[in-house]
Protein chains: 2
Amino acid sequence: MNVGGQVSEFTLVKCPSLELSESLLRFSLRRREFVTVAGNCECRYTGRASSHLGWGERLVLIKGDGSIQVHRPTGYEPVNWQPPQCTLHVHRNGCLLVIEAHRRRPRESLTLHFDRIIFYGSFRPVDRAEFNLYVSEEQMRDALIQDPSILEKGLELVDFERRVEPGFIDFYGRDVDGRLVIVELKRSQAGKEAILQLKRYVDAVLKLTGSNVRGVLAAPRLRSGAQGLLVELGLEFRRLSPRKCAEVLKKSGTRKINEFV
Amino acid sequence: MNVGGQVSEFTLVKCPSLELSESLLRFSLRRREFVTVAGNCECRYTGRASSHLGWGERLVLIKGDGSIQVHRPTGYEPVNWQPPQCTLHVHRNGCLLVIEAHRRRPRESLTLHFDRIIFYGSFRPVDRAEFNLYVSEEQMRDALIQDPSILEKGLELVDFERRVEPGFIDFYGRDVDGRLVIVELKRSQAGKEAILQLKRYVDAVLKLTGSNVRGVLAAPRLRSGAQGLLVELGLEFRRLSPRKCAEVLKKSGTRKINEFV
DNA sequence: GAGTGGATTTCGCAT
DNA sequence: ATGCGAAGTCCACTC
């Protein structure tokens, strides 16, 4: 267990016998640990296709969510695998240790036979961190200016960083029907704050122009639960992926991609 | 080293200090070993996009080909990674161990900071086995009969398992130009034997009909070096993937997929 | 080196 | 559950 930086529980065994390995695996699977097994094995897969891999030394990862992957000495991708939610079984067949992974839909299974375990490691990682993937907000703005259609077909730029009462509007445009569009950009997950900020811009522009104004929140994704507030305030969300922005910036060439922090 | 089933060289260390971990990593990287590091780390990626992952316990794999992947406790895919051929650097920054992975094209880098290593494992897997991915030959034939166009646009079935002098022809059809087409199927990599077999069929049919006959070898892939013989004998190769066959069989419904051996 | 298509794609979000 | 589209996709192959 890991509390306040203390050392986690883990198990590490050199060259365990197949019997011991079986016991270790059963225990780890029941505890939903993160298991690494290095050993000499043979792999068979049957399902959407079939495959066979003869004997050789590989590293097998088994996670607490039921995913399993077999890694050969080279290559980024596992040679055999099974995604999360699959059911794992361990048993011994004569002088071999067998690990089976089954999935229902699609129906497929992966079977590993081991005749020798080089080492066995297991632990229960404590990992509550949030993962954030993004481009910079400035880059997103540049991409949107270069090609407003990435957000919506027919969208055209009117102005950017327009000063209004509450601050600067990221992108100020006109849609295919001639309506004003105010875009608020967020480089990562957009939440309540972004929605309220956008609402302030929309209200300000509405007061100034008196015309119909659309408020669009553009971000890689919307925080779950924020949809309600968005709809309530009459605003819209448009997904804008980092990849898409990078693509546009690369094409436009006005700013070298891969130079941002 | 592994010769004839002997135990491979490997290194396994519980809770190594950051200094020791640095030395172990340098040694393993120089030796191009397969490394597994379990520890508490922070991950930053910059390149095609940017990402940040706060502190947490994860498992890092580093292979001899220079690929690296960071695995969280759940999910099939690594949260951060770098494909093969990237350059790896290890150093210490104050009380942290730093692993950096750089790639030139596209230009991107992954930086890991560790403040604690749970365990360190490395070995040099001996794995010379061949990996074969396939559907059964019968399934391939069924898929081709169901939809000959998966091999070539306009291809139509004339007969299958047609008896000729040397044996049974897998698929006997007519192409968009009205020419006879003889297809020899192989469920995995097709080699010299398959080519010669096909040639015998083509010759036999040529002798029987006297008309122009095309010989097509259909398999997931062609053994490297077999291309020469193929061209020499005036035959063709068409890639036929397991996935495509399974797709057709599933759609046709004549035979339940996932029931083959 | 750039471009194209496939994958046991996986993954997430919509219906 | 099912279907559709995106991905830091990766990877193999062609031009």
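To find a chain, count down the sequence lines: A is the first, B the second, and so on, and within it residues start at 1.
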Item to check | Residue-level proximity of residues 225-242 of chain A to DNA chain D when a heavy atom falls under 4.0 Å | outcome: Arg239(A), Ser241(A)

Can you name the ring-ring contact (aromatic ring centres under 6.0 Å, His included) partners of [X], sequence neighbours left out?
| X | value |
| --- | --- |
| Trp81(A) | Tyr76(B) |
| Phe171(A) | none |
| Phe114(B) | none |
| Phe123(A) | Phe34(A), Phe119(B) |

Checklist entry - When all nucleic acid strands are considered with a 4.0 Å heavy-atom cut-off, which category describes Gln82(B): base, sugar-phosphate, or nothing? => result base

Checklist entry - What is the nucleic acid contact for Phe131(A), judged by heavy atoms within less than 4.0 Å: base, sugar-phosphate only, or nothing? => result nothing

d([atom1], [X]; [atom2], [N]) in whole Å:
| X | N | atom1 | atom2 | result |
| --- | --- | --- | --- | --- |
| Tyr45(B) | dG8(D) | OH | P | 8 Å |
| His71(B) | dT10(C) | NE2 | C1' | 13 Å |
| Arg187(A) | dG8(D) | CZ | C1' | 16 Å |
| Asn80(B) | dA7(D) | CG | C1' | 14 Å |
| Gln85(A) | dA1(D) | CD | C1' | 14 Å |
| Gln69(B) | dG8(D) | CD | C1' | 14 Å |
| Asn132(A) | dA7(D) | CG | C1' | 17 Å |
| Glu247(A) | dA7(D) | CD | P | 9 Å |

Detail all sub-3.5 Å separations between protein N/O atoms and N/O atoms belonging to nucleotides 10-15 of chain D.
{"from": "dC10(D)", "atom 1": "OP1", "to": "Arg48(B)", "atom 2": "NH2", "distance (Å)": "3.1"}
{"from": "dC10(D)", "atom 1": "OP1", "to": "Trp81(B)", "atom 2": "NE1", "distance (Å)": "2.8"}
{"from": "dC10(D)", "atom 1": "OP2", "to": "Arg48(B)", "atom 2": "NH1", "distance (Å)": "3.0"}
{"from": "dC11(D)", "atom 1": "OP1", "to": "Tyr76(A)", "atom 2": "N", "distance (Å)": "3.3"}

Checklist entry - Among dT2(D), dG8(D), dT8(C), which nucleotide sits nearest the side chain of Arg105(A)? => result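 It is dT2(D).
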
Item to check | Shortest non-hydrogen contact between Arg31(A) and Arg124(A), atoms and distance | outcome: O-NH1, 2.9 Å

Next on the checklist: Please give the distance between the P atoms of dT8(C) and dT4(C) as a whole number of Å.
Outcome noted: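 It comes out at 22 Å once rounded to the nearest Å.
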
Next on the checklist: Asn132(A) vs Glu130(A), test: side-chain contact (heavy atoms from CB on, under 4.5 Å). Steps then yes/no.
Outcome noted: CA-CA 6 Å; Asn132(A) 278 308; Glu130(A) 191 188 0; 3.8 Å; yes

Checklist entry - Distance-only, no hydrogens or angles: does the Gln82(B) side chain make a donor-acceptor pair with backbone N or O of Ile68(B) under 3.5 Å? => result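 Between the backbone of Ile68(B) and the side chain of Gln82(B) there is no qualifying donor-acceptor contact (under 3.5 Å).
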
Next on the checklist: Quick check against the 3.5 Å criterion: does Arg141(A) have a side-chain atom that pairs as donor or acceptor with the backbone of Leu185(A)?
Outcome noted: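 No.
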
Checklist entry - Pick the nucleotide of DNA chain C nearest each of Leu110(A) and Leu222(A); which residue has the one closer to the 5' end? => result Leu110(A)

Checklist entry - Could Arg187(B) and Glu137(B) be called an ion pair, given the rule that one side-chain N must be under 4.0 Å from one carboxylate O? => result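 Salt bridge between Arg187(B) and Glu137(B), a charged N being under 4.0 Å from a carboxylate O: no.
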
